[in-house]
Protein chains: 2
Amino acid sequence: MAQLARPSGSELKLLRALWAAPRLSAREIHDATEARTKWSYSATRTTLDRMEEKGLVKAKAVHGIKTYAAAQSKVAMLALLAQDFARNVLDSDEPLPAAAFAHSKLLDSDEIEELQALLDSLSEEGER
Amino acid sequence: MAQLARPSGSELKLLRALWAAPRLSAREIHDATEARTKWSYSATRTTLDRMEEKGLVKAKAVHGIKTYAAAQSKVAMLALLAQDFARNVLDSDEPLPAAAFAHSKLLDSDEIEELQALLDSLSEEGER
DNA sequence: CTTAACGTGCTACATTTGTAGCATCCTCGC
DNA sequence: GCGAGGATGCTACAAATGTAGCACGTTAAG
């Protein structure tokens, strides 16, 4: 069974744009992220291609042009990454506490709760 | 000004051994980490070489054999990584709260305090 | 129509990471 | 003194990452 892929740092930058809108074209993603990435349009596109291969985004043609949507929700992906951080960096089996996410610009308090619930269930799974 | 290097996932595994002892030979590091890494001795050594190049460890010959010590303390490195996580994943300028580290097997409560202080000072620096 | 602008598919290429092997050389025990 | 085992220095190589360009086809505007 194919593990869900983790985005690299660069890929994460593009994912952010897709969490803010349900579906975007490569051009739109590029325009939305160029300020932060400073990449050429080509670089953005190649990264999107790879994200598609890895299953991080799902592509679909709309009116003839290719559009992308995040394969995992923001909360689900953040849960994955938080779990990795806890495991690999902190060497902890427990999920990060909600407090860790409090200052994130990406999450409101509802989402933090959702994330917390997800993390708890992920760590229980691990026990089995 | 050469930025302090961040360890990759593999490098982090070896660093852990060096945080538990002040100075170890390649062989000792390998023996201490083999269970987790499952690497060949060669793989361990190559990774150590690269860590030396990057300045993650400092090597010194003792009685003719090469020994390694972590260049940054455990707490300092964890502070770096926690800051990266907050910035890159959570998109937050605030440091992670102490609670985030509570379950880490790597830190006792004194070290968590120290880490917290470090994180705070790091984020202030960023403001300037 | 013709062309400029843009989308798409490919290819490219340097670095970093993950992982390992070989050839020597030194040293300790016999 | 000699040989086995370990230490060292190199080299290797595939995959992942970061970043970009080119050629070609389509389309909308003049």
Side-chain angles (χ1 to χ4, degrees), chain A residues 2-18 23-69 77 80-81 84 87-89, chain B residues 2-17 23-69 77 80-81 84 88-89:
Chain A
Q3 265 295 141
L4 337 197
R6 316 305 157 100
S8 72
S10 290
E11 290 167 343
L12 189 53
K13 290 180 191 162
L14 299 190
L15 267 188
R16 288 228 252 271
L18 290 172
R23 181 166 286 282
L24 295 171
S25 69
R27 176 68 58 185
E28 287 166 334
I29 294 172
H30 179 66
D31 291 345
T33 54
E34 191 182 10
R36 290 183 94 57
T37 62
K38 315 277 185 171
W39 298 344
S40 71
Y41 177 51
S42 275
T44 301
R45 269 189 349 112
T46 303
T47 299
L48 280 171
D49 282 351
R50 290 179 183 164
M51 292 171 77
E52 191 187 349
E53 280 170 22
K54 292 210 250 176
L56 285 172
V57 298
K58 289 172 308 152
K60 179 163 96 169
V62 174
H63 301 318
I65 73 142
K66 196 167 185 178
T67 61
Y68 302 84
M77 187 54 80
L80 255 299
L81 294 175
D84 283 356
R87 267 207 227 305
N88 302 325
V89 178
Chain B
Q3 264 294 145
L4 334 200
R6 314 306 157 98
S8 72
S10 291
E11 291 167 340
L12 190 52
K13 291 179 193 162
L14 300 191
L15 266 189
R16 288 229 253 271
R23 181 167 285 283
L24 294 172
S25 69
R27 177 68 60 183
E28 288 167 333
I29 294 171
H30 179 66
D31 291 345
T33 55
E34 191 182 12
R36 289 182 95 59
T37 62
K38 314 275 185 174
W39 298 344
S40 71
Y41 177 51
S42 276
T44 301
R45 271 192 343 116
T46 305
T47 301
L48 280 171
D49 283 351
R50 289 180 183 162
M51 292 172 75
E52 191 186 348
E53 279 169 23
K54 292 209 248 173
L56 284 173
V57 298
K58 291 171 306 154
K60 178 163 96 171
V62 174
H63 300 320
I65 73 143
K66 198 167 184 177
T67 62
Y68 301 85
M77 186 55 79
L80 255 299
L81 294 175
D84 284 356
N88 301 325
V89 177

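Since the model is a prediction, treat every value here as computed from it, not as a measurement. To find a chain, count down the sequence lines: A is the first, B the second, and so on, and within it residues start at 1.
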Residue list, salt bridge (Lys or Arg N to Asp or Glu O under 4.0 Å) with A:Arg27, at least two apart or on another chain: none

In degrees rounded to 10°, what angle is found between the helical axes fit to the five outermost pairs at each end of the helix from C:dC1-D:dG30 to C:dC30-D:dG1? 10°

Of the non-hydrogen atoms in A:Ala26 and A:Thr44, which two are nearest, and what is the gap between them? O-CG2, 4.5 Å

Contact state string [nucleotides 7-20 of chain D, B base, S sugar-phosphate only, - no protein heavy atom under 4.0 Å]: SBBB-B----BBBB

In short, B:Ile29 meets B:Leu24 closest at the heavy-atom pair CG1-CB, 3.6 Å

Test A:Arg6 against every option in A:Leu12, A:Leu56, A:Leu80 by the side chain to side chain contact (heavy atoms under 4.5 Å, CB included) rule and name the one that passes. A:Leu80

Scan for side chain to side chain donor-acceptor pair (under 3.5 Å) pairs involving residues 49-59 of chain B, sequence neighbours excluded, and state none if there are none. B:Glu11-B:Lys54, B:Glu52-B:Lys66

Can you list every ring pair (Phe, Tyr, Trp, His ring centres under 6.0 Å) pair that touches residues 39-64 of chain B, not counting sequence neighbours? B:His30-B:Tyr41

May I have the distance from A:Ile29 (atom CD1) to C:dT8 (atom P), rounded to whole angstrom? 11 Å

So which pairs with a foot in residues 33-46 of chain A pass salt bridge (Lys or Arg N to Asp or Glu O under 4.0 Å), sequence neighbours left out? A:Arg36-B:Asp91

Checking B:Met51 against B:Leu15 for the side-chain contact (heavy atoms from CB on, under 4.5 Å) test, could you report, in this order, the C-alpha distance in whole Å, the side-chain angles of both residues, the deciding distance, and whether it holds? CA-CA 9 Å; B:Met51 292 172 75; B:Leu15 266 189; 3.5 Å; yes

Please report the distance, rounded to the nearest Å, between CD in A:Glu28 and P in C:dC6. 14 Å

Starting from C1' on C:dT17, measure out to CD on B:Glu52 and report it in whole angstrom. 18 Å

